[in-house]
Amino acid sequence: MSSLLCSLATTSTISLLAIPSSSSSSSYSSSLVLYPKPKARNGSTKAARPFRSATARRNDDQNQNSSQENKLDRRNMLIGLGGLYSAANLGSNTLESSAAPIPPPDLSTCRPNLGPPVPYSCCPPTNTTIVDFTLPVNPPMRTRPAAHLASAEYMARYNRAVQLMKNLPANDPCSFMQQSHVHCAYCNGAYFYPAAQGLNRGEIQVHGNWLFFPFHRWYLYFHERILGNLIGDPTFALPYWNWDSPYGMYTPYMYTDGRTYPALFNERRRQEIYTRPVNLATGGSSTMTPEQIANNNCTVMYNEMIRTATTLESFMGAPYPRGNAVPNGPGTSERGSHNAVHNWCGDPRQPAQEDMGNFYSAGRDPIFYGHHSNVDRMWTIWRQGRPNNQRDFTDTDYLNTQFLFYDENRRLVRVRVADCLDNARLGYQFQTNGVFVTWTDCRPFARVRGRRAARISDAPKLETLEFPLKLDKVVKVRIPRPRKLRTSEEKEKEVELLLIEDVEVDIGEFAKFNVFVYEEEDDFDDLNKAEYLGTFSHVPHKHDTPMKIKAQERLELNALLEDLDVEGDEEILITLVPLAGDITIGGIKITYAPSSA
Ligand code: C2O
């Protein structure tokens with residue numbers, strides 16, 4: 001182990017983070033056109049899952065203890081539901097009754113020399129002394145500023161911290177290089193957990209499953225602590241790129257001015273990110289106007305945060321217990337805005353869309369941390385919108401999953417998912433002053449309401465399509481609904497799901513398609529309508545094998561069917577619109593799953 005201390009600071013002065021209110025201090029962002037909130041059209045205004053009031057949330061907090069008794073054993077539920085549910089949601093992985101939480105990686109078996117096409121290694125320095133994480137007692141509260149509102153003083157401080165991190169020797173676990181390797185190691189086939197208790201050795205993967213939010217929260221937690229330590233400021237907090245708001249959808253200034261903030265700049269980025277707003281709908285270039293992009297972004301956010309994310313599994317991703325093959329069932333936020341921003345920032349001029357466009361290299365771009373700080377904020381906002389006993393999986397396979405990270409003192413720390421559920425307990429929060437969460441008002445309206453059974457008769461029936469089906473053009477299909485006119489009680493209990501099974505893509509290629517229901521105008525660029533259901537996307541991760549990867553796509557239909565007023569239809573018209581990549585789908589069907597999971 002290196003004997004260097006992470007802290008190079010000569011002063012222990014605690015400078016309090018000054019957060020400007022709504023006015024921006026940077027010349028760049030003050031010249032931005034600020035888009036008004038997308039206007040609502042007439043029609044249904046009922047919220048799918050209204051976010052809960054502060055009072056309701058307080059009451060929930062007071063009921064915290066009783067919520068413990070509502071624990072559901074996920075495995076029993078799955079067994080009770082038979083093969084249909086597990087096969088549908090976990091692909092070929094059958095849950096074993098002896099499943100257990102994923103243990104931390106075995107660093108001694110970390111696989112170096114990964115690739116192709118680009119050879120890379122991302123194993124950390126080894127260390128046999130592991131300490132268990134303990135939650136800080138009364139930590140100083142760190143407030144993460146919205147990047148577009150950050151002061152020049154803050155930007156200079158963040159730049160200095162990252163510069164100090166970049167100056168550390170490459171084998172120092174606190175160095176920027178090693179920090180970027182953390183992401184690579186956890187998602188590119190480097191890490192395995194050992195076989196034990198009759199359960200197989202397994203690969204560790206933190207994307208496409210319920211570890212997505214917890215892993216990235218812990219990763220940023222340690223990254224932030226190391227940066228704070230390097231500048232001697234325990235209140236230092238990472239910025240968040242507020243891409244979910246029309247006010248924050250341009251690339252924040254601090255990442256764009258390489259002369260003033262060289263440590264935050266990166267050559268390997270898509271050049272459009274400096275002149276165009278982030279496109280959450282396509283994740284790529286487009287000819288849309290900034291207004292159209294803002295409107296689409298708002299619907300994308302509403303959809304992935306509220307309308308199609310009423311259950312834990314839909315939002316968080318597929319369960320991933322020990323001993324099973326890695327599931328690939330990303331949640332709405334991961335496969336939506338999260339993946340879109342990765343591809344948006346990745347450089348098409350590089351062999352594998354480095355840096356942000358590929359998981360092995362994403363952590364090398366400082367913008368990664370601002371992006372994930374906002375992803376983390378989305379988790380916080382989503383949890384706050386739910387009753388206390390529905391915020392987190394209660395399965396111990398989830399809560400006791402463990403990861404390893406180096407802390408600011410270069411100790412190798414073992415953490416549990418259970419300790420990161422509440423960001424305030426980790427000592428940080430997100431700036432809310434001057435930040436507008438506009439998408440909660442973006443429930444889209446239907447272009448056409450009412451039963452349309454007669455109008456879809458020219459679209460092919462499901463049984464006439466041959467699977468696996470190549471998605472090399474727009475595909476329309478009529479999908480039968482096993483149940484219609486469900487009562488509100490039934491809808492409360494079970495969510496109606498459109499499952500797109502065995503979505504096969506090249507592991508090293510960005511892939512994306514959008515899904516519409518009863519889209520009769522074939523206007524696929526405009527997502528600002530109730531007919532837009534959601535998206536599938538895949539961000540490349542490099543592995544040597546296999547070259548193909550399969551994912552399961554789970555899309556909640558309840559609110560959309562209400563919005564379109566088609567709950568009585570026996571079949572619905574689905575349109576799949578490919579945007580990028582070589583995609584094949586194995587099947588498509590409607591099924592039902594418990595709302596409580
Ligand atoms: Cu681990 Cu945004 O990726």
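Note: hydrogens, waters and symmetry copies are ignored here, and every other heavy atom, side chains too, is used. Whatever order the structure lists them in is the order used to number ligands and atoms, beginning at 1. Counting from 1, the numbers follow the sequence of the chain as shown.
Residue C187 does not count as close to atom 1 (Cu) of ligand 1, with no N, O or S atom under 2.8 Å. Distance check for H372 against atom 2 (Cu) of ligand 1: an N/O/S atom falls below 2.8 Å. Taking backbone and side-chain atoms together, H207 has an N/O/S atom less than 2.8 Å away from atom 1 (Cu) of ligand 1.
Without hydrogens or angle criteria, R268 side chain to D355 main chain gives no donor-acceptor distance under 3.5 Å. In this structure a side-chain-to-backbone donor-acceptor pair under 3.5 Å is missing from S245 to N242.
For H216, the N, O or S atom with the smallest separation from atom 1 (Cu) of ligand 1 is NE2. Checked against atom 2 (Cu) of ligand 1, the N, O or S atom of H342 at the shortest distance is NE2.
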Q | Stepwise side chain to side chain donor-acceptor pair (under 3.5 Å) check, R269 with Y274 | A | CA-CA 9 Å; R269 290 176 182 156; Y274 299 111; 3.1 Å; yes
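Judged by a 6.0 Å distance limit and a 45° cone about the ring axis, R307 is not positioned over the six-membered ring of Y302.
For the residue pair Y369/Y219, the side-chain donor-acceptor check at 3.5 Å is satisfied.
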